[in-house]
Each structure stands twice: as C-alpha cells, then as structure tokens.
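Reckoned from all heavy atoms, side chains included, excluding hydrogens, waters and symmetry mates.
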Amino acid sequence: MEDIEATLIINPLEEINKLKALASEPRVQMLNLIRKKTLNINEISESLKLPQSTVATHISILEEAGLISTESVKAKKGNQKLCHPSFHELIIQFPDVQSIEKNYVDIEMPIGIFTDSQVTAPCGLCSTEKIIGLLDIPDSFLNPERMKAGLLWCGSGTVEYKFPNNTMYGQKNITKLEISMELSSETPGTNVNWPSDITMWINKTEIGTWVSPGDFGDHRGKYTPSWWKLEGSQYGLLKHFAVTDEGSFIDGIKISNVTLSDLHIPEHHSIRVRVGVKPDAEHMGGMNIFGKGFGNYDQGIILRTYF
C-alpha cells in the first residue's frame, strides 16, 4: 500500500463535503475495510454484501471528498480499481481563533485564460451559454471567447496557465504551493471506468501524475447548465496538487520527490502551471477541466501559496 499521511484534521466550518461523505454507514464501513487492506470494488462489494454499482457510487463520493484514492490496474479480465485510504486517522476539530488567521494567499484563474495550449481531438470548450468555436478543432482554443469557458476537454495534450508570483513582493518564506482543480477523464459519451494519466508541471518541472478513474455522467453536475447534453461529461473530482520541502503530493499522498526548491519560484515573475495528458501515457484517456458554471465545484483553478 502507498505511504499515507497519519492524520487528517477536518475543519467542519470549511470542509462540510468531508463530513457529508462520512455521514453514511456503508461509506464508513468501506473506509474501515480499506484501512486494513487495499481492496478492489468487487472485493468491497462481496465483503459488505452490496451491489457493485452501489459500492462504485460510494467510492466516488469518498474520493471526491479526498478521503480515499483509487488506481486502475490490469486484471485477468480488463482493469480493476484499487482503493486506498488517504489517511490513517480522521479528526473533526473546530479551529481556535488563532488558526482562523490566514497564512496563505489564493489566486483563482478562470480555466479559459490559459497562455498556451497543445491539444488533440476530441477537444473543445464551452461557456455556460454555448459551445465556443468548433468542436474537435484545436485552433478553437485560440478563440478570444475562450476567456468565458467553464468546461474544456481534450484527448491528449496540455494547457498552461501563468499566475502572478506573489512571493516576490513580501518578506515571508513560502512553505507550500497548492493547486486545486476539478478534473476527469474524457471519452465520447461518458464512462466511469475510463482511466487517464493526468500530469502536472510547475515552472516546466513535472511534479507528478494522477490517474483519473473515469469520465462521469451518471447524473448532472451540481453547477452544469441544463442545456448541456446529459450524455456529455457532467462533473469531475476536485484534486489538490501540492509541493512542499518534503516532496509533491496529490490529496496528501506523495507522488514524487520534487520539492519547492526544484521549482525555482524566487527566480520567476510568474508561476507557470501546466496540466495535461502525455502522448505516451500508459492510460491516455483524455482530460476534462471544469470551471465556474460546470461540474460540482463552482471554481476555476486555484493557486494557494502558504507562508
């Protein structure tokens, strides 16, 4: 089993999604099972005497809340999804007055304000009102209307964003860089079992890869507009990529040994964040990025700098 962090302290004032994920006896039972041993969906289903479809739904909720992680691996027949806990221990704790004081700065970037794109079909962008440009034509990513995009997708390739480097204008030392965004795989229609290797680079340095389990369309995203076809991608999973002095992490799970010093942040006026699917990825299952007005989280790409 992958190394996992010992304890997650849940702030109930800010992390209600985690509390909702825990407010279910079957999901708590699943957490208890995989805390002891890595299991796949079938094994969890057999142990709890629940239908596989029900287990898959509960696992998706736990992953969306960042309480577990999953990976798709080859099995005798097709692929199987292995489930890992993200933490050994969960503690619900109200913050004291001192901890409420912010020790970080957030910058939110609309998903359409990318500074570079190299994508392949199937690809496209849309705002909360309409499709932007032409579907499956990479040149549509040059359309000025892209600034209004709430959803973008591609079969492979990358998009890059430039964030202002606020660390250059203060005397505080950075301790952690975190990027959060809502992501999923991309396939014509949708497919909950459609793994894709989604990689992130910061300042041209690859920090690691997250394997998206699928392209989700079992129900309409919380913010997805009603005109968007139901057979299209509806929502993703909110993922947190982080880099500290100890390494790089996704939702608290270490994915590489790249540290803050490897990013050379003080040497640049901007922080460049690139995300995408490599052309030689093992699971080349495409990528959806959900922004404001789409998916389950009404946000763009958030860069949080801790001091």
Check your understanding: Between Ile10 and Leu19, does a side-chain contact (heavy atoms from CB on, under 4.5 Å) hold up when you go through it step by step?
Key -> CA-CA 8 Å; Ile10 299 174; Leu19 295 184; 4.2 Å; yes
Check your understanding: If you measure from CD1 on Ile92 to CD on Glu15, what distance do you get to the nearest 0.5 Å?
Key ->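 Ile92 atom CD1 to Glu15 atom CD measures 10.0 Å (nearest 0.5 Å).
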**Study point:** Donor-acceptor contact present, side-chain Thr224 to main-chain Gly295, <3.5 Å
**Key:**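 Yes, the answer is positive, given that a donor and an acceptor are paired below the 3.5 Å cut-off.
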Point to revise | Backbone N/O of Gly236 and side chain of Glu182: donor-acceptor pair under 3.5 Å | key: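 Present.
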**Study point:** Test item: Phe307 and Thr175 side chains (from C-beta on) under 4.5 Å apart, heavy atoms
**Key:**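 Sidechains of Thr175 and Phe307: no contact.
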Practice item. Give the intermediate values and the outcome of side-chain contact (heavy atoms from CB on, under 4.5 Å) for residues Thr199 and Trp201. Key: CA-CA 7 Å; Thr199 300; Trp201 296 258; 3.7 Å; yes
Check your understanding: Any idea how Tyr235 and His219 line up, ring-wise: parallel (<30°), tilted (30 to 60°), or perpendicular (>60°)?
Key ->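 Parallel.
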Exercise for review: Quick one: sort the Trp228 and Trp153 rings into parallel, tilted or perpendicular, breaks at 30° and 60°.
Suggested key: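 Tilted, since the angle between the ring planes falls between 30° and 60°.
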**Study point:** Between Ser156 and Thr120, a side-chain donor and acceptor under 3.5 Å
**Key:**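 Thr120 and Ser156 do have a side-chain donor-acceptor pair below 3.5 Å.
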Check your understanding: Where do Asn288 and Ser185 land on the side-chain contact (heavy atoms from CB on, under 4.5 Å) test, with the steps shown first?
Key -> CA-CA 6 Å; Asn288 278 286; Ser185 309; over 6 Å; no
Exercise for review: Not counting sequence neighbours, list each pair that qualifies as a salt bridge (Lys or Arg N to Asp or Glu O under 4.0 Å) and has a residue in residues 217-240.
Suggested key: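 Sorted result for residues 217-240: Lys239-Asp251.
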Point to revise | Selection residues 189-215 - residue pairs positive for salt bridge (Lys or Arg N to Asp or Glu O under 4.0 Å), sequence neighbours left out | key: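 Listed once each, the pairs are Glu206-Lys278.
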Check your understanding: Name the one of Val273, Ile202, Leu177, Ile250 that satisfies side-chain contact (heavy atoms from CB on, under 4.5 Å) with Ile207?
Key ->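 Among Val273, Ile202, Leu177, Ile250, the one meeting side-chain contact (heavy atoms from CB on, under 4.5 Å) with Ile207 is Ile202.
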Check your understanding: Any cation-pi pair here, Arg272 with Tyr161, using under 6.0 Å and within 45°?
Key ->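 No, Arg272 does not lie over the aromatic ring of Tyr161.
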Practice item. List the steps, then state whether side-chain contact (heavy atoms from CB on, under 4.5 Å) holds for Asn296 with Glu64. Key: CA-CA 10 Å; Asn296 284 343; Glu64 189 174 327; 3.3 Å; yes
